[in-house]
Amino acid sequence: MLKTHYIRRFLKSWKIFIQNPLGKTGVIILSIFMLMALASFIVPHINPMYDPMTGIDPDIRVSTGPSLTHLLGTDNVGRDLFAQLLEGAKVAFIVGLSSAFFSIVIGTVVGMVSGYAGGMLDAFLMRMADIIMVMPSLVILLILASLFGQFNIWIIVFIIAIMRWPAVSRVIRSQTLSLKQRPFIEASQVAGASHLRIIFRHIMPNVLPLAFLYMTFRVTSAILVEAALSFLGFGDPSQVSWGMMLQWVWKSGHMFQAPYWLIPPGLSISLLTLAFYLLGRAMDEVLDPRLRKEGQS
């Protein structure tokens with residue numbers, strides 16, 4: 001019965017979500033980039049010269065424009081730009097989803113524990129969140145990169161997750177404080193349920209939709225942070241990403257000479273972040289009935 005309830009709840013929410021033009025647009029854009037990310041695993045097997053990092057066209061030594069062999073052209077050493085763009089989509093999903101997931105997990109757990117426990121533990125966790133929240137994450141990343149050198153992708157994911165959980169924890173804490181006063185929580189306490197069971201069995205299912213909403217916005221910020229780091233030269237030099245493509249076109253001096261190299265990664269960053277933003281806006285309507293149009297339920 002419980003599973004059936006959640007399935008019906010999901011289907012109802014999906015119906016409201018997909019009726020929203022913003023949600024439809026976000027899903028379409030996101031689907032295109034997901035196909036690009038999946039294609040990044042296939043393209044290098046078609047021909048070794050389509051490997052985004054090591055593949056080089058033996059007949060090309062300079063940056064060339066689009067052609068039948070290279071749909072977006074090549075960079076200044078003869079690597080295929082379309083293959084790099086596909087690889088960048090994969091990296092964007094890895095960085096965005098991984099860092100957002102970990103930051104949401106940390107923020108949700110901290111927020112639930114803080115709101116439910118109250119007292120000194122609540123004060124300690126929220127003061128720690130306040131300290132991290134006021135730190136400029138991009139500046140901290142740049143300082144760490146200047147001290148320890150260029151980061152690989154997973155270090156970037158870890159640092160972004162550590163820096164971005166406090167805002168989520170505050171929202172989840174507020175929701176938990178409200179839920180803690182509900183009769184079903186009091187009934188569970190009277191029945192002798194443990195604190196952990198109440199938090200993860202009764203409170204968590206009610207705050208997860210809000211956590212997923214904030215996850216969409218965290219994906220957007222993570223993609224932008226990784227792109228900024230890579231463009232500034234602090235990204236992983238062994239990994240192709242959209243930010244790294246922009247850094248290469250800048251360093252090679254083709255910023256204004258090769259629009260076929262400059263525009264695709266910049267446009268991809270904008271569109272993918274827009275897609276997650278649109279998903280978040282549509283999910284906001286699902287969670288808040290006051291935002292729905294007349295006739296929706």
Side-chain angles (χ1 to χ4, degrees), residues 2-3 5-18 20 22-23 26-27 30 92-118 121-122 125-126 128-130 132-133 137 157-182 184-185 188 195-225 272-292:
L2 188 61
K3 289 183 179 179
H5 167 72
Y6 283 121
I7 292 173
R8 289 177 179 174
R9 184 178 175 184
F10 170 78
L11 292 176
K12 180 181 178 182
S13 299
W14 173 253
K15 182 180 178 181
I16 297 171
F17 175 87
I18 206 63
N20 189 315
L22 298 180
V27 168
L30 193 62
F93 274 107
I94 291 173
V95 173
L97 293 176
S98 298
S99 59
F101 174 77
F102 290 127
S103 67
I104 292 300
V105 168
I106 297 171
T108 300
V109 172
V110 170
M112 289 191 303
V113 171
S114 178
Y116 182 80
L121 181 59
D122 179 29
L125 292 175
M126 288 301 100
M128 184 171 62
D130 291 339
I132 297 176
M133 191 183 301
S137 56
V157 167
F158 173 76
I159 296 177
I160 293 176
I162 292 298
M163 299 297 296
R164 294 303 174 96
W165 64 264
V168 179
S169 69
R170 282 203 158 278
V171 175
I172 298 300
R173 173 183 176 271
S174 299
Q175 189 75 359
T176 302
L177 288 173
S178 174
L179 290 168
K180 191 168 66 170
Q181 309 302 323
R182 302 285 178 85
F184 70 93
I185 297 296
S188 299
H195 296 311
L196 287 178
R197 179 176 176 80
I198 292 174
I199 291 174
F200 291 102
R201 182 67 181 81
H202 298 291
I203 293 179
M204 189 172 70
N206 290 282
V207 301
L208 277 182
L210 194 60
F212 284 128
L213 169 62
Y214 274 81
M215 183 174 175
T216 61
F217 299 124
R218 287 294 170 268
V219 172
T220 297
S221 62
I223 292 172
L224 292 174
V225 167
L272 186 56
T273 54
L274 174 64
F276 280 106
Y277 173 75
L278 294 177
L279 291 179
R281 288 291 304 275
M283 287 179 62
D284 201 14
E285 183 177 293
V286 173
L287 296 175
D288 191 348
R290 294 171 298 178
L291 299 177
R292 298 174 194 169

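Just so it is clear, the values below take in all heavy atoms, side chains as well, and ignore hydrogens, waters and symmetry mates.
Taking both residues in full, the closest heavy atoms of Leu213 and Met283 are given as N-CE, 3.5 Å, listed atom of the first, atom of the second, then distance. The two residues Thr108 and Ala211 make their nearest non-hydrogen contact at OG1-CB, 3.6 Å. Ser98 and Val157 get closest at one heavy-atom pair: CB-CG1, 3.7 Å. Scanning all heavy atoms of the two residues, the minimum distance from Ser103 to Ala161 falls at CB-O, 3.5 Å.
Atom CZ in Phe212 sits 15.0 Å away from atom CZ in Arg218 (nearest 0.5 Å). Ile199 CD1 to Thr176 OG1: the interatomic distance, rounded to the nearest 0.5 Å, is 8.0 Å. Remark: Leu30 CG to Leu272 CG distance equals 6.5 Å, nearest 0.5 Å. Note: Trp165 CH2 to Tyr214 OH = 15.5 Å, rounded to the nearest 0.5 Å. Ile198 contributes atom CD1, which lies 3.5 Å from atom OH of Tyr116 (distance to the nearest 0.5 angstrom). Atom CG of residue Leu179 and atom CZ of residue Phe184 lie 5.5 Å apart, to the nearest 0.5 angstrom.
Put simply, the side chain of Arg170 reaches to within 4.5 Å of the side chain of Met133, judged on heavy atoms. Looking at heavy atoms from C-beta onward, Val95 lies out of side-chain contact with Ile223 at the 4.5 angstrom threshold. You'll find the side chain of His202 reaches within 4.5 Å of the side chain of Ile185, heavy atoms only.
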Apply the test side-chain contact (heavy atoms from CB on, under 4.5 Å) to residues Ser169 and Met126: give CA-CA distance (whole Å), side-chain angles for both, the deciding distance (0.1 Å), then the verdict. CA-CA 8 Å; Ser169 69; Met126 288 301 100; 4.0 Å; yes
Show your working on side-chain contact (heavy atoms from CB on, under 4.5 Å) between Arg173 and Asp122 and close with a plain yes or no. CA-CA 9 Å; Arg173 173 183 176 271; Asp122 179 29; 2.8 Å; yes
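Of the possible polar contacts, none joining the Ser178 side chain to the Ser174 backbone as a donor-acceptor pair under 3.5 Å is found. Without hydrogens or angle criteria, Ser114 side chain to Gly111 main chain gives no donor-acceptor distance under 3.5 Å.
Side-chain contact, Ser221 with Arg164: a donor N or O sits under 3.5 Å from an acceptor N or O.
Aromatic ring pairs are classed by plane angle as parallel below 30°, tilted from 30° to 60° and perpendicular above 60°; the pair Phe217 and Tyr277 is tilted.
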